[in-house]
Amino acid sequence: RMNTVKTWKLAIYGITGFIIGILMFLPWSAVGDYVMVNVLNSAAENGIYATVRKNFTKGILDKEFVYLGVQADFPVFSLFLKEVDIDPSLISSICTAKPSCSVSLDRGEIMSFTRQKLEWKSGSAKVSVDGDIVYVNDIEFIGEFSAKGFIEISMETGEMLRAKLTIKVP
C-alpha cells in the first residue's frame, strides 16, 4: 500500500514537472508565428487578404498570443484591429480534446465599401472547436458599434450554421 501511494505521488510530480517544463520552455513565439501564418494563408485562399504588423507572446505559465495592427480586406469591407490577445485554454483543451481560447480585442473598426466606419472600444469572445464546428460564444463588442451573442461556423464550408447576435450601429 505504501509503495502504491509513493508511486502515485512520483507519477503526479513527474507529470506536473513535465507540463510546467513545456509551458515554460516551448518556443511559444514560434507557435504564435505558425498559427498566424496558417490563418493568414487560409484567409487568402478564401479571398480575405490580411496582415499583422507585429506579434509576440507574453506570460510565463499562462501564455497569451498578442497580435498588433491586424488589417483584413474582405470583398465588401475592411477590418482593422489595434490589438488582439488570444489566451489559449491549454489545460481545458487537453482534458476535453477540444481546442478553446478566449479572445480580447482592443479598439477596432470596420469600414464598408461605402466608406462608413463602425468603431468599437473593446471586444471579447470565447472560441472553441468541436469536430468540424467552430463555436464563437459570449461575443461582446462595446462602443459606438456594439454586439452580443454567439455564432457557430462550419470549418468544412465556412458557412454560418447558427447565430444569435444583437447588434447596435450608430
Side-chain angles (χ1 to χ4, degrees), residues 15-16 18-43 46 48 50-72 74 77-110 118-169:
I15 291 169
T16 302
F18 180 72
I19 290 171
I20 290 173
I22 287 174
L23 291 175
M24 290 182 70
F25 300 113
L26 189 75
W28 289 102
S29 291
V31 172
D33 290 344
Y34 176 78
V35 169
M36 179 186 66
V37 166
N38 282 326
V39 167
L40 294 178
N41 286 341
S42 177
N46 291 297
I48 302 165
T51 58
V52 176
R53 185 174 44 82
K54 182 179 180 182
N55 69 303
F56 57 92
T57 57
K58 64 182 180 182
I60 295 174
L61 291 178
D62 184 22
K63 299 295 183 181
E64 212 170 285
F65 300 103
V66 179
Y67 300 93
L68 301 176
V70 178
Q71 178 129 10
F74 293 78
F77 67 91
S78 63
L79 169 74
F80 176 75
L81 303 167
K82 181 179 176 187
E83 182 176 325
V84 179
D85 295 356
I86 300 175
D87 188 357
S89 306
L90 293 175
I91 293 174
S92 170
S93 296
I94 291 168
C95 290
T96 62
K98 298 175 184 173
S100 62
C101 67
S102 296
V103 178
S104 298
L105 306 174
D106 198 357
R107 293 186 174 277
E109 67 183 38
I110 295 174
L118 299 175
E119 299 176 300
W120 60 87
K121 294 178 184 170
S122 66
S124 62
K126 292 188 180 357
V127 180
S128 61
V129 178
D130 188 2
D132 284 344
I133 300 174
V134 176
Y135 297 91
V136 185
N137 293 307
D138 302 329
I139 297 169
E140 184 171 26
F141 285 87
I142 299 168
E144 193 177 307
F145 164 79
S146 65
K148 284 187 177 195
F150 73 89
I151 301 173
E152 296 174 7
I153 303 166
S154 166
M155 287 192 346
E156 192 174 307
T157 63
E159 292 178 0
M160 194 181 314
L161 301 174
R162 286 182 0 139
K164 182 177 180 185
L165 286 172
T166 303
I167 298 172
K168 183 185 118 205
V169 293

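Looking only at side-chain heavy atoms (C-beta outward), S42 and N46 come within less than 4.5 Å of each other. For the pair D87 and C101, the minimum side-chain heavy-atom distance is 4.5 Å or more. Residues I139 and V136 are in side-chain contact: their nearest non-hydrogen atoms beyond the backbone lie under 4.5 Å apart. With contacts defined as side-chain heavy-atom distances shorter than 4.5 Å, the pair N41/V37 qualifies. A heavy-atom distance below 4.5 Å is found between the side chains of M160 and I151. Between L105 and F141, the closest side-chain pair of non-hydrogen atoms falls below 4.5 Å. For the pair N137/E152, no side-chain contact is recorded, criterion being any heavy-atom separation below 4.5 Å from C-beta on. At a threshold of 4.5 Å between non-hydrogen side-chain atoms, the residues K98 and S128 do not count as touching.
Annotation for G32 and Y67: closest pair O-OH, 3.1 Å, computed over non-hydrogen atoms. Contact record, K63 with P88: O-CD, 3.4 Å, taken as the closest heavy-atom pair. Of all heavy-atom pairs spanning W120 and F80, the tightest one is CZ2-O, 4.5 Å.
Remark: Y135 OH to L161 CG distance equals 8.0 Å, nearest 0.5 Å. Within the model, atoms CZ of F145 and CD1 of I110 stand 5.0 Å from one another, a figure rounded to the nearest 0.5 Å. Summarising the geometry, atom CG belonging to L81 is positioned 9.5 Å from atom CG belonging to D106; distances are rounded to the nearest 0.5 Å. Of the inter-residue distances, the one linking F74 atom CZ with L79 atom CG reads 5.5 Å to the nearest 0.5 angstrom. One distance of note links CG of D132 with CD1 of I153; it measures 13.0 Å at 0.5 Å rounding. Summarising the geometry, atom NZ belonging to K82 is positioned 12.0 Å from atom OG belonging to S122; distances are rounded to the nearest 0.5 Å.
Dense packing is recorded around CZ of F56, with more than 12 heavy atoms of other residues, nucleotides or ligands lying under 6.0 Å away.
Legend: salt bridge (charged side-chain N to carboxylate O under 4.0 Å, His left out) pairs involving residues 134-150, not counting sequence neighbours, sorted by first then second residue: E140-K148.
Scanning for side-chain hydrogen bond (donor to acceptor under 3.5 Å, both in side chains) contacts around N55 gives D33, with sequence neighbours left out. Partners of Q71 according to the side-chain hydrogen bond (donor to acceptor under 3.5 Å, both in side chains) rule, which considers only residues two or more places apart in sequence or in another chain, do not exist here.
The side chain to side chain contact (heavy atoms under 4.5 Å, CB included) with V84 is formed by just one residue from the set V52, L68, V103, V66; it is V103.
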- request: Could you go through the side chain to side chain contact (heavy atoms under 4.5 Å, CB included) check for V31 and F65 one step at a time?
  value: CA-CA 9 Å; V31 172; F65 300 103; 3.9 Å; yes
task: Apply the test side chain to side chain contact (heavy atoms under 4.5 Å, CB included) to residues R53 and V70: give CA-CA distance (whole Å), side-chain angles for both, the deciding distance (0.1 Å), then the verdict.
output: CA-CA 7 Å; R53 185 174 44 82; V70 178; over 6 Å; no
